[in-house]
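Comments concern the structure below.
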There are 2 protein chains.
Amino acid sequence: MPRGRPRQFDEEEALNTALRLFWRHGYEGTSISTLAKAMGMTIPSLYNAFGNKESLFMKAVCLYDLYGDKLYGEAFAKTSAREVALAILMGEVDLVSGAETPEGCLMVQGALATGPDSELVRQEMAKQRRQAEVDVAARFEEFQKAGQLPLGWKASALAAYVMTVATGMAVQAKSGASRQELIEVADMAMKIWPKE
Amino acid sequence: MPRGRPRQFDEEEALNTALRLFWRHGYEGTSISTLAKAMGMTIPSLYNAFGNKESLFMKAVCLYDLYGDKLYGEAFAKTSAREVALAILMGEVDLVSGAETPEGCLMVQGALATGPDSELVRQEMAKQRRQAEVDVAARFEEFQKAGQLPLGWKASALAAYVMTVATGMAVQAKSGASRQELIEVADMAMKIWPKE
DNA sequence: TGATAATTAGATCGATCGCTATAATAATCC
DNA sequence: GGATTATTATAGCGATCGATCTAATTATCA
(Lines give C-alpha, C1' and ligand atoms only; values in the text may rest on other atoms or scores of the structure.)
Protein backbone atom coordinates (compact mmCIF):
# COMPACT_ATOMS: atom_id res chain seq x y z
CA MET A 1 0.00 0.00 0.00
CA PRO A 2 1.29 3.50 -0.86
CA ARG A 3 2.12 6.14 1.65
CA GLY A 4 -0.88 8.35 2.45
CA ARG A 5 -4.58 7.88 3.01
CA PRO A 6 -5.93 5.12 0.80
CA ARG A 7 -8.21 5.96 -2.12
CA GLN A 8 -11.88 5.18 -1.72
CA PHE A 9 -12.38 4.47 -5.42
CA ASP A 10 -11.01 2.18 -8.08
CA GLU A 11 -9.34 4.31 -10.72
CA GLU A 12 -10.15 2.08 -13.67
CA GLU A 13 -13.74 1.59 -12.58
CA ALA A 14 -14.15 5.33 -12.07
CA LEU A 15 -12.64 6.00 -15.49
CA ASN A 16 -15.01 3.48 -17.02
CA THR A 17 -17.94 5.31 -15.44
CA ALA A 18 -16.65 8.58 -16.88
CA LEU A 19 -16.30 6.93 -20.28
CA ARG A 20 -19.94 5.85 -20.26
CA LEU A 21 -21.10 9.36 -19.39
CA PHE A 22 -18.96 11.08 -22.04
CA TRP A 23 -20.03 8.41 -24.51
CA ARG A 24 -23.72 9.07 -23.91
CA HIS A 25 -23.77 12.82 -23.29
CA GLY A 26 -20.63 14.10 -25.01
CA TYR A 27 -17.80 16.23 -23.64
CA GLU A 28 -19.77 19.43 -23.20
CA GLY A 29 -22.92 17.64 -22.07
CA THR A 30 -21.22 15.99 -19.10
CA SER A 31 -20.47 18.22 -16.13
CA ILE A 32 -17.78 17.71 -13.52
CA SER A 33 -20.33 17.48 -10.73
CA THR A 34 -22.26 14.80 -12.62
CA LEU A 35 -19.04 12.92 -13.24
CA ALA A 36 -17.92 13.12 -9.62
CA LYS A 37 -21.24 11.84 -8.31
CA ALA A 38 -21.40 8.96 -10.77
CA MET A 39 -17.76 8.06 -10.18
CA GLY A 40 -18.36 7.97 -6.44
CA MET A 41 -15.77 10.57 -5.56
CA THR A 42 -15.61 14.18 -4.52
CA ILE A 43 -14.69 16.89 -7.01
CA PRO A 44 -11.24 17.58 -5.48
CA SER A 45 -10.51 13.85 -5.57
CA LEU A 46 -11.46 13.78 -9.23
CA TYR A 47 -9.08 16.64 -10.00
CA ASN A 48 -6.35 15.04 -7.93
CA ALA A 49 -6.68 11.75 -9.75
CA PHE A 50 -7.36 12.87 -13.32
CA GLY A 51 -6.08 16.44 -13.66
CA ASN A 52 -8.90 18.42 -15.23
CA LYS A 53 -11.97 17.77 -17.34
CA GLU A 54 -10.04 17.70 -20.59
CA SER A 55 -7.43 15.22 -19.38
CA LEU A 56 -10.16 13.05 -17.83
CA PHE A 57 -11.90 13.01 -21.18
CA MET A 58 -8.72 12.13 -23.02
CA LYS A 59 -8.06 9.28 -20.58
CA ALA A 60 -11.60 8.04 -21.20
CA VAL A 61 -10.87 8.23 -24.92
CA CYS A 62 -7.79 6.06 -24.40
CA LEU A 63 -9.95 3.51 -22.63
CA TYR A 64 -12.45 3.70 -25.48
CA ASP A 65 -9.63 3.15 -27.96
CA LEU A 66 -9.28 -0.38 -26.61
CA TYR A 67 -12.60 -1.23 -28.25
CA GLY A 68 -11.43 0.18 -31.56
CA ASP A 69 -7.99 -1.40 -31.35
CA LYS A 70 -9.56 -4.84 -30.93
CA LEU A 71 -12.06 -4.25 -33.72
CA TYR A 72 -9.58 -2.94 -36.27
CA GLY A 73 -6.90 -5.38 -35.21
CA GLU A 74 -9.18 -8.28 -36.00
CA ALA A 75 -10.39 -6.65 -39.21
CA PHE A 76 -6.87 -5.95 -40.50
CA ALA A 77 -5.99 -9.62 -39.97
CA LYS A 78 -8.43 -10.62 -42.70
CA THR A 79 -6.89 -11.69 -45.98
CA SER A 80 -9.02 -9.83 -48.48
CA ALA A 81 -10.20 -6.25 -48.79
CA ARG A 82 -13.77 -7.45 -48.81
CA GLU A 83 -13.34 -9.34 -45.55
CA VAL A 84 -11.57 -6.39 -43.96
CA ALA A 85 -14.46 -4.10 -44.89
CA LEU A 86 -17.04 -6.60 -43.68
CA ALA A 87 -15.24 -7.05 -40.37
CA ILE A 88 -15.04 -3.29 -39.86
CA LEU A 89 -18.70 -2.72 -40.63
CA MET A 90 -19.98 -5.64 -38.55
CA GLY A 91 -17.62 -4.74 -35.73
CA GLU A 92 -18.89 -1.18 -35.77
CA VAL A 93 -22.48 -2.42 -35.67
CA ASP A 94 -21.61 -4.29 -32.48
CA LEU A 95 -19.77 -1.31 -31.01
CA VAL A 96 -22.35 1.37 -31.69
CA SER A 97 -25.39 -0.70 -30.79
CA GLY A 98 -24.02 -2.82 -27.98
CA ALA A 99 -26.48 -3.66 -25.23
CA GLU A 100 -23.94 -2.96 -22.49
CA THR A 101 -22.70 0.36 -23.86
CA PRO A 102 -24.24 3.69 -24.89
CA GLU A 103 -25.56 3.98 -28.42
CA GLY A 104 -23.24 5.51 -30.98
CA CYS A 105 -19.53 6.21 -31.13
CA LEU A 106 -17.56 8.35 -28.68
CA MET A 107 -15.26 9.56 -31.45
CA VAL A 108 -18.26 10.92 -33.34
CA GLN A 109 -20.60 12.20 -30.66
CA GLY A 110 -18.03 13.01 -27.99
CA ALA A 111 -17.25 16.42 -29.46
CA LEU A 112 -18.57 16.85 -32.99
CA ALA A 113 -19.60 20.51 -32.87
CA THR A 114 -18.59 22.50 -29.80
CA GLY A 115 -18.22 25.92 -28.28
CA PRO A 116 -14.86 27.71 -28.19
CA ASP A 117 -13.93 26.25 -24.78
CA SER A 118 -13.95 22.73 -26.21
CA GLU A 119 -12.26 23.52 -29.49
CA LEU A 120 -9.11 21.55 -28.65
CA VAL A 121 -11.08 18.46 -27.75
CA ARG A 122 -13.14 18.76 -30.91
CA GLN A 123 -10.02 18.98 -33.05
CA GLU A 124 -8.48 15.99 -31.30
CA MET A 125 -11.56 13.87 -32.02
CA ALA A 126 -11.53 14.95 -35.67
CA LYS A 127 -7.85 14.09 -35.86
CA GLN A 128 -8.43 10.61 -34.46
CA ARG A 129 -11.31 10.00 -36.87
CA ARG A 130 -9.11 10.98 -39.80
CA GLN A 131 -6.26 8.82 -38.51
CA ALA A 132 -8.53 5.78 -38.34
CA GLU A 133 -9.39 6.32 -42.00
CA VAL A 134 -5.70 6.66 -42.89
CA ASP A 135 -4.98 3.34 -41.17
CA VAL A 136 -7.78 1.62 -43.05
CA ALA A 137 -6.53 3.12 -46.31
CA ALA A 138 -3.05 1.75 -45.62
CA ARG A 139 -4.46 -1.74 -45.18
CA PHE A 140 -6.46 -1.49 -48.41
CA GLU A 141 -3.36 -0.17 -50.15
CA GLU A 142 -1.66 -3.46 -49.45
CA PHE A 143 -4.38 -5.30 -51.32
CA GLN A 144 -4.24 -2.70 -54.08
CA LYS A 145 -0.52 -3.26 -54.57
CA ALA A 146 -1.14 -7.01 -54.74
CA GLY A 147 -3.70 -6.39 -57.46
CA GLN A 148 -6.48 -7.57 -55.18
CA LEU A 149 -8.81 -4.62 -55.45
CA PRO A 150 -11.52 -4.44 -58.11
CA LEU A 151 -10.48 -2.62 -61.28
CA GLY A 152 -10.39 1.15 -60.99
CA TRP A 153 -10.84 1.26 -57.22
CA LYS A 154 -8.69 3.59 -55.14
CA ALA A 155 -7.65 2.33 -51.70
CA SER A 156 -8.17 5.80 -50.22
CA ALA A 157 -11.66 6.13 -51.67
CA LEU A 158 -12.60 2.66 -50.48
CA ALA A 159 -11.34 3.48 -47.00
CA ALA A 160 -13.21 6.79 -47.00
CA TYR A 161 -16.35 4.97 -48.07
CA VAL A 162 -16.11 2.25 -45.43
CA MET A 163 -15.41 4.77 -42.68
CA THR A 164 -18.23 6.98 -43.89
CA VAL A 165 -20.66 4.08 -43.62
CA ALA A 166 -19.27 3.18 -40.18
CA THR A 167 -19.61 6.77 -39.00
CA GLY A 168 -23.09 7.03 -40.46
CA MET A 169 -24.14 3.87 -38.65
CA ALA A 170 -22.90 5.39 -35.41
CA VAL A 171 -25.22 8.35 -35.92
CA GLN A 172 -28.05 6.01 -36.90
CA ALA A 173 -27.56 4.09 -33.68
CA LYS A 174 -27.72 7.33 -31.72
CA SER A 175 -30.95 8.10 -33.58
CA GLY A 176 -32.42 4.88 -32.26
CA ALA A 177 -31.71 2.43 -35.08
CA SER A 178 -31.76 -1.22 -33.99
CA ARG A 179 -28.92 -3.61 -34.48
CA GLN A 180 -30.94 -5.42 -37.15
CA GLU A 181 -31.42 -2.21 -39.13
CA LEU A 182 -27.68 -1.53 -38.95
CA ILE A 183 -26.90 -5.03 -40.17
CA GLU A 184 -29.14 -4.40 -43.15
CA VAL A 185 -27.24 -1.19 -43.84
CA ALA A 186 -23.91 -3.00 -43.64
CA ASP A 187 -25.26 -5.67 -45.99
CA MET A 188 -26.27 -3.01 -48.47
CA ALA A 189 -22.91 -1.30 -48.13
CA MET A 190 -21.09 -4.54 -49.00
CA LYS A 191 -22.93 -4.71 -52.31
CA ILE A 192 -20.40 -2.35 -53.86
CA TRP A 193 -18.22 -5.39 -54.49
CA PRO A 194 -18.70 -6.72 -57.98
CA LYS A 195 -19.89 -10.28 -58.37
CA GLU A 196 -17.09 -12.67 -59.19
CA MET B 1 -44.70 50.80 -40.11
CA PRO B 2 -46.05 49.12 -36.98
CA ARG B 3 -46.92 50.92 -33.77
CA GLY B 4 -43.96 51.11 -31.38
CA ARG B 5 -40.26 51.77 -31.65
CA PRO B 6 -38.87 50.27 -34.85
CA ARG B 7 -36.62 47.21 -34.72
CA GLN B 8 -32.96 47.76 -35.38
CA PHE B 9 -32.44 44.34 -36.92
CA ASP B 10 -33.80 42.29 -39.78
CA GLU B 11 -35.48 39.20 -38.35
CA GLU B 12 -34.64 36.87 -41.21
CA GLU B 13 -31.06 38.05 -41.40
CA ALA B 14 -30.66 37.67 -37.64
CA LEU B 15 -32.15 34.18 -37.79
CA ASN B 16 -29.75 33.29 -40.58
CA THR B 17 -26.85 34.42 -38.41
CA ALA B 18 -28.15 32.26 -35.58
CA LEU B 19 -28.47 29.32 -37.97
CA ARG B 20 -24.83 29.62 -39.00
CA LEU B 21 -23.70 29.65 -35.37
CA PHE B 22 -25.82 26.66 -34.34
CA TRP B 23 -24.72 24.89 -37.51
CA ARG B 24 -21.04 25.35 -36.68
CA HIS B 25 -21.03 25.06 -32.90
CA GLY B 26 -24.16 23.07 -32.09
CA TYR B 27 -27.00 23.90 -29.72
CA GLU B 28 -25.07 23.58 -26.48
CA GLY B 29 -21.92 25.10 -27.94
CA THR B 30 -23.63 28.37 -28.86
CA SER B 31 -24.41 30.73 -25.99
CA ILE B 32 -27.11 33.37 -25.90
CA SER B 33 -24.57 36.15 -25.44
CA THR B 34 -22.61 34.94 -28.48
CA LEU B 35 -25.81 34.76 -30.49
CA ALA B 36 -26.95 38.24 -29.45
CA LYS B 37 -23.63 39.83 -30.36
CA ALA B 38 -23.44 38.10 -33.75
CA MET B 39 -27.07 38.88 -34.51
CA GLY B 40 -26.48 42.53 -33.71
CA MET B 41 -29.11 42.77 -31.01
CA THR B 42 -29.31 42.92 -27.26
CA ILE B 43 -30.23 39.88 -25.22
CA PRO B 44 -33.69 41.18 -24.23
CA SER B 45 -34.40 41.97 -27.87
CA LEU B 46 -33.42 38.44 -28.78
CA TYR B 47 -35.81 36.99 -26.22
CA ASN B 48 -38.55 39.38 -27.29
CA ALA B 49 -38.19 38.39 -30.92
CA PHE B 50 -37.49 34.66 -30.66
CA GLY B 51 -38.80 33.46 -27.28
CA ASN B 52 -36.00 31.50 -25.70
CA LYS B 53 -32.90 29.61 -26.80
CA GLU B 54 -34.80 26.46 -27.64
CA SER B 55 -37.40 28.22 -29.80
CA LEU B 56 -34.67 30.24 -31.51
CA PHE B 57 -32.91 27.00 -32.33
CA MET B 58 -36.08 25.41 -33.64
CA LYS B 59 -36.73 28.45 -35.84
CA ALA B 60 -33.18 28.15 -37.15
CA VAL B 61 -33.88 24.49 -37.84
CA CYS B 62 -36.96 25.49 -39.86
CA LEU B 63 -34.79 27.83 -41.92
CA TYR B 64 -32.27 25.03 -42.39
CA ASP B 65 -35.07 22.74 -43.52
CA LEU B 66 -35.42 24.88 -46.62
CA TYR B 67 -32.09 23.51 -47.81
CA GLY B 68 -33.25 19.95 -47.22
CA ASP B 69 -36.67 20.52 -48.74
CA LYS B 70 -35.10 21.75 -51.96
CA LEU B 71 -32.58 18.92 -52.04
CA TYR B 72 -35.04 16.12 -51.38
CA GLY B 73 -37.72 17.70 -53.52
CA GLU B 74 -35.43 17.62 -56.51
CA ALA B 75 -34.20 14.13 -55.67
CA PHE B 76 -37.71 12.70 -55.32
CA ALA B 77 -38.58 14.08 -58.74
CA LYS B 78 -36.13 11.67 -60.36
CA THR B 79 -37.64 8.75 -62.17
CA SER B 80 -35.50 5.88 -60.97
CA ALA B 81 -34.34 4.74 -57.56
CA ARG B 82 -30.77 5.00 -58.69
CA GLU B 83 -31.20 8.61 -59.76
CA VAL B 84 -32.99 9.45 -56.52
CA ALA B 85 -30.11 8.02 -54.51
CA LEU B 86 -27.52 9.80 -56.63
CA ALA B 87 -29.34 13.12 -56.29
CA ILE B 88 -29.56 12.71 -52.52
CA LEU B 89 -25.90 11.87 -52.13
CA MET B 90 -24.62 14.58 -54.46
CA GLY B 91 -27.01 17.09 -52.95
CA GLU B 92 -25.74 16.22 -49.49
CA VAL B 93 -22.16 16.63 -50.64
CA ASP B 94 -23.04 20.16 -51.72
CA LEU B 95 -24.91 20.88 -48.50
CA VAL B 96 -22.32 19.60 -46.02
CA SER B 97 -19.28 20.98 -47.82
CA GLY B 98 -20.66 24.20 -49.22
CA ALA B 99 -18.21 27.09 -49.37
CA GLU B 100 -20.76 29.57 -48.04
CA THR B 101 -22.02 27.45 -45.16
CA PRO B 102 -20.48 25.67 -42.16
CA GLU B 103 -19.15 22.18 -42.70
CA GLY B 104 -21.46 19.31 -41.84
CA CYS B 105 -25.18 18.99 -41.22
CA LEU B 106 -27.17 20.84 -38.56
CA MET B 107 -29.46 17.85 -38.05
CA VAL B 108 -26.45 15.73 -37.16
CA GLN B 109 -24.14 18.04 -35.27
CA GLY B 110 -26.72 20.42 -33.86
CA ALA B 111 -27.52 18.19 -30.90
CA LEU B 112 -26.16 14.66 -31.32
CA ALA B 113 -25.16 13.92 -27.72
CA THR B 114 -26.20 16.42 -25.07
CA GLY B 115 -26.61 17.11 -21.40
CA PRO B 116 -29.97 16.74 -19.65
CA ASP B 117 -30.92 20.38 -20.27
CA SER B 118 -30.87 19.85 -24.03
CA GLU B 119 -32.55 16.45 -24.05
CA LEU B 120 -35.69 17.72 -25.78
CA VAL B 121 -33.71 19.34 -28.57
CA ARG B 122 -31.63 16.21 -29.01
CA GLN B 123 -34.74 14.06 -29.32
CA GLU B 124 -36.27 16.45 -31.82
CA MET B 125 -33.17 16.28 -34.02
CA ALA B 126 -33.18 12.48 -33.83
CA LYS B 127 -36.85 12.48 -34.74
CA GLN B 128 -36.27 14.65 -37.79
CA ARG B 129 -33.37 12.48 -38.93
CA ARG B 130 -35.56 9.39 -38.69
CA GLN B 131 -38.41 11.14 -40.50
CA ALA B 132 -36.12 12.02 -43.40
CA GLU B 133 -35.26 8.35 -43.73
CA VAL B 134 -38.93 7.39 -43.63
CA ASP B 135 -39.65 9.84 -46.45
CA VAL B 136 -36.84 8.43 -48.56
CA ALA B 137 -38.06 4.90 -47.87
CA ALA B 138 -41.55 5.88 -49.06
CA ARG B 139 -40.12 7.14 -52.34
CA PHE B 140 -38.10 3.95 -52.84
CA GLU B 141 -41.20 1.94 -51.99
CA GLU B 142 -42.88 3.40 -55.05
CA PHE B 143 -40.14 2.03 -57.26
CA GLN B 144 -40.29 -1.25 -55.39
CA LYS B 145 -43.99 -1.63 -56.07
CA ALA B 146 -43.36 -0.90 -59.74
CA GLY B 147 -40.80 -3.67 -59.78
CA GLN B 148 -38.02 -1.18 -60.37
CA LEU B 149 -35.68 -2.12 -57.54
CA PRO B 150 -32.97 -4.75 -57.99
CA LEU B 151 -34.00 -8.24 -56.98
CA GLY B 152 -34.10 -8.87 -53.25
CA TRP B 153 -33.69 -5.23 -52.25
CA LYS B 154 -35.86 -3.77 -49.50
CA ALA B 155 -36.90 -0.15 -49.90
CA SER B 156 -36.42 0.48 -46.19
CA ALA B 157 -32.92 -1.01 -46.19
CA LEU B 158 -31.97 0.99 -49.26
CA ALA B 159 -33.25 4.17 -47.66
CA ALA B 160 -31.40 3.41 -44.43
CA TYR B 161 -28.25 2.81 -46.43
CA VAL B 162 -28.49 6.02 -48.45
CA MET B 163 -29.22 8.09 -45.36
CA THR B 164 -26.40 6.40 -43.48
CA VAL B 165 -23.96 7.37 -46.21
CA ALA B 166 -25.38 10.90 -46.29
CA THR B 167 -25.04 11.20 -42.52
CA GLY B 168 -21.56 9.74 -42.59
CA MET B 169 -20.51 12.25 -45.22
CA ALA B 170 -21.77 15.05 -43.00
CA VAL B 171 -19.45 13.86 -40.23
CA GLN B 172 -16.61 13.47 -42.70
CA ALA B 173 -17.12 17.05 -43.82
CA LYS B 174 -16.98 18.20 -40.20
CA SER B 175 -13.74 16.22 -39.87
CA GLY B 176 -12.26 18.28 -42.67
CA ALA B 177 -12.95 16.11 -45.74
CA SER B 178 -12.89 18.03 -49.01
CA ARG B 179 -15.73 18.10 -51.49
CA GLN B 180 -13.68 15.95 -53.86
CA GLU B 181 -13.21 13.27 -51.20
CA LEU B 182 -16.94 13.26 -50.51
CA ILE B 183 -17.71 12.91 -54.20
CA GLU B 184 -15.45 9.87 -54.29
CA VAL B 185 -17.36 8.43 -51.35
CA ALA B 186 -20.68 9.04 -53.09
CA ASP B 187 -19.31 7.39 -56.23
CA MET B 188 -18.28 4.35 -54.21
CA ALA B 189 -21.67 4.27 -52.50
CA MET B 190 -23.45 4.17 -55.84
CA LYS B 191 -21.59 1.00 -56.79
CA ILE B 192 -24.14 -1.08 -54.88
CA TRP B 193 -26.28 -0.97 -58.01
CA PRO B 194 -25.78 -4.07 -60.14
CA LYS B 195 -24.52 -3.59 -63.67
CA GLU B 196 -27.20 -4.01 -66.28
C1' DT C 1 5.23 7.73 18.49
C1' DG C 2 6.03 11.54 15.64
C1' DA C 3 6.96 13.15 10.86
C1' DT C 4 5.51 12.70 6.23
C1' DA C 5 2.57 11.88 2.40
C1' DA C 6 -1.70 11.19 0.01
C1' DT C 7 -6.63 11.52 -0.04
C1' DT C 8 -10.98 13.16 1.67
C1' DA C 9 -14.44 16.60 2.92
C1' DG C 10 -16.60 21.06 2.81
C1' DA C 11 -16.69 25.60 1.37
C1' DT C 12 -16.16 28.57 -2.17
C1' DC C 13 -13.80 30.96 -6.06
C1' DG C 14 -14.70 34.03 -10.42
C1' DA C 15 -16.95 33.37 -14.77
C1' DT C 16 -20.56 32.25 -17.45
C1' DC C 17 -25.03 30.08 -18.13
C1' DG C 18 -30.10 31.13 -19.73
C1' DC C 19 -33.17 34.54 -18.67
C1' DT C 20 -35.76 38.76 -16.94
C1' DA C 21 -37.19 43.12 -14.36
C1' DT C 22 -37.08 47.97 -14.99
C1' DA C 23 -36.94 51.98 -17.36
C1' DA C 24 -35.63 54.91 -21.29
C1' DT C 25 -36.53 55.52 -26.28
C1' DA C 26 -39.01 55.99 -30.63
C1' DA C 27 -42.55 55.13 -33.41
C1' DT C 28 -48.04 55.41 -34.42
C1' DC C 29 -52.92 56.47 -33.05
C1' DC C 30 -56.38 59.74 -31.61
C1' DG D 1 -49.73 66.95 -28.06
C1' DG D 2 -50.83 63.21 -25.12
C1' DA D 3 -51.75 58.25 -24.81
C1' DT D 4 -50.41 53.88 -26.42
C1' DT D 5 -47.31 50.39 -28.04
C1' DA D 6 -43.18 48.12 -29.15
C1' DT D 7 -38.29 47.93 -28.89
C1' DT D 8 -34.01 49.24 -26.81
C1' DA D 9 -30.60 49.62 -23.12
C1' DT D 10 -28.83 48.67 -18.54
C1' DA D 11 -28.47 45.96 -14.86
C1' DG D 12 -28.83 41.96 -12.55
C1' DC D 13 -31.34 37.53 -11.25
C1' DG D 14 -30.38 32.49 -9.39
C1' DA D 15 -28.01 28.53 -10.98
C1' DT D 16 -24.34 26.15 -12.66
C1' DC D 17 -19.87 25.98 -14.90
C1' DG D 18 -14.84 24.23 -14.22
C1' DA D 19 -11.60 24.53 -10.78
C1' DT D 20 -9.29 25.37 -6.13
C1' DC D 21 -8.26 26.56 -1.15
C1' DT D 22 -8.10 24.93 3.48
C1' DA D 23 -8.31 21.66 6.77
C1' DA D 24 -9.35 17.11 8.60
C1' DT D 25 -8.37 12.22 7.90
C1' DT D 26 -5.70 7.97 7.29
C1' DA D 27 -2.21 5.54 5.86
C1' DT D 28 3.28 4.46 5.78
C1' DC D 29 8.06 5.44 7.16
C1' DA D 30 11.65 6.24 10.51
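Not measured: the values here are computed from a predicted model. Chain letters run A, B, ... following the sequence lines, proteins first and then strands; every chain starts at 1.
For A:Arg3 against D:dT28, a side-chain N or O and a base N or O form a donor-acceptor pair under 3.5 Å.
For the pair A:Thr42 and B:Lys53, both in contact range of DNA chain C, the more 5′-proximal nearest nucleotide belongs to A:Thr42. Both B:Leu46 and A:Pro44 sit near DNA chain D, but only B:Leu46 has its closest nucleotide nearer the 5' end. If B:Gly4 and B:Met41 are placed on DNA chain D by their nearest nucleotide, the residue sitting closer to the 5' end is B:Gly4.
Closest contact between the side chain of B:Pro6 and the listed nucleotides C:dG18, C:dA26, D:dA9 involves C:dA26.
Across the protein-nucleic acid pair, A:Ile43 atom CD1 and C:dT12 atom C1' stand 11 Å apart, rounded to whole Å. For the pair B:Asn48 CG and D:dA9 P, the interatomic distance rounds to 13 Å; values are reported in whole Å. One interatomic measurement links the two molecules: CE of A:Met39 to C1' of C:dT7, which rounds to 15 Å at whole-angstrom precision. Between A:Glu54 atom CD and D:dC17 atom P the separation is 18 Å, expressed in whole Å. Going from atom NZ of A:Lys37 over to atom C1' of D:dT16 covers 11 Å, rounded to whole Å.
In this structure, B:Ser45 reaches the D:dT8 phosphate: one of its side-chain N or O atoms is under 4.0 Å from OP1 or OP2. Phosphate contact (OP1/OP2 of D:dA9, side-chain N/O of B:Gln8, threshold under 4.0 Å): present. For C:dT25, the OP1/OP2 oxygens have no side-chain nitrogen or oxygen of B:Arg5 closer than 4.0 Å. For the pair B:Ser31 and C:dC17, the criterion of a side-chain N or O lying under 4.0 Å from OP1 or OP2 is met. Between A:Ser33 and D:dG18 there is no side-chain polar atom (N or O) within less than 4.0 angstrom of OP1 or OP2. An OP1 or OP2 oxygen of C:dT20 is reached within less than 4.0 angstrom by no side-chain nitrogen or oxygen of B:Tyr47. Close to D:dG18, at under 4.0 Å from its OP1 or OP2, lies no side-chain N or O of A:Asn52.
The NE2 atom of A:His25 sits 8.0 Å away from the OG1 atom of A:Thr34 when rounded to the nearest 0.5 Å.
A donor-acceptor pair shorter than 3.5 Å cannot be found between the side chains of A:Gln109 and A:Glu103. A donor-acceptor contact closer than 3.5 angstrom is absent between the side chains of B:Ser175 and A:Arg130.
Within 4.0 Å (heavy atoms only), A:Thr34 reaches no atom of the nucleic acid at all.
Using cut-offs of 30° and 60° for the angle between ring planes, the B:Trp23 and B:Tyr64 rings count as perpendicular.
In this structure, A:Lys59 is not positioned above the aromatic face of A:Phe50 in the sense of NZ or CZ being under 6.0 Å from the six-membered ring centre and within 45° of the axis.
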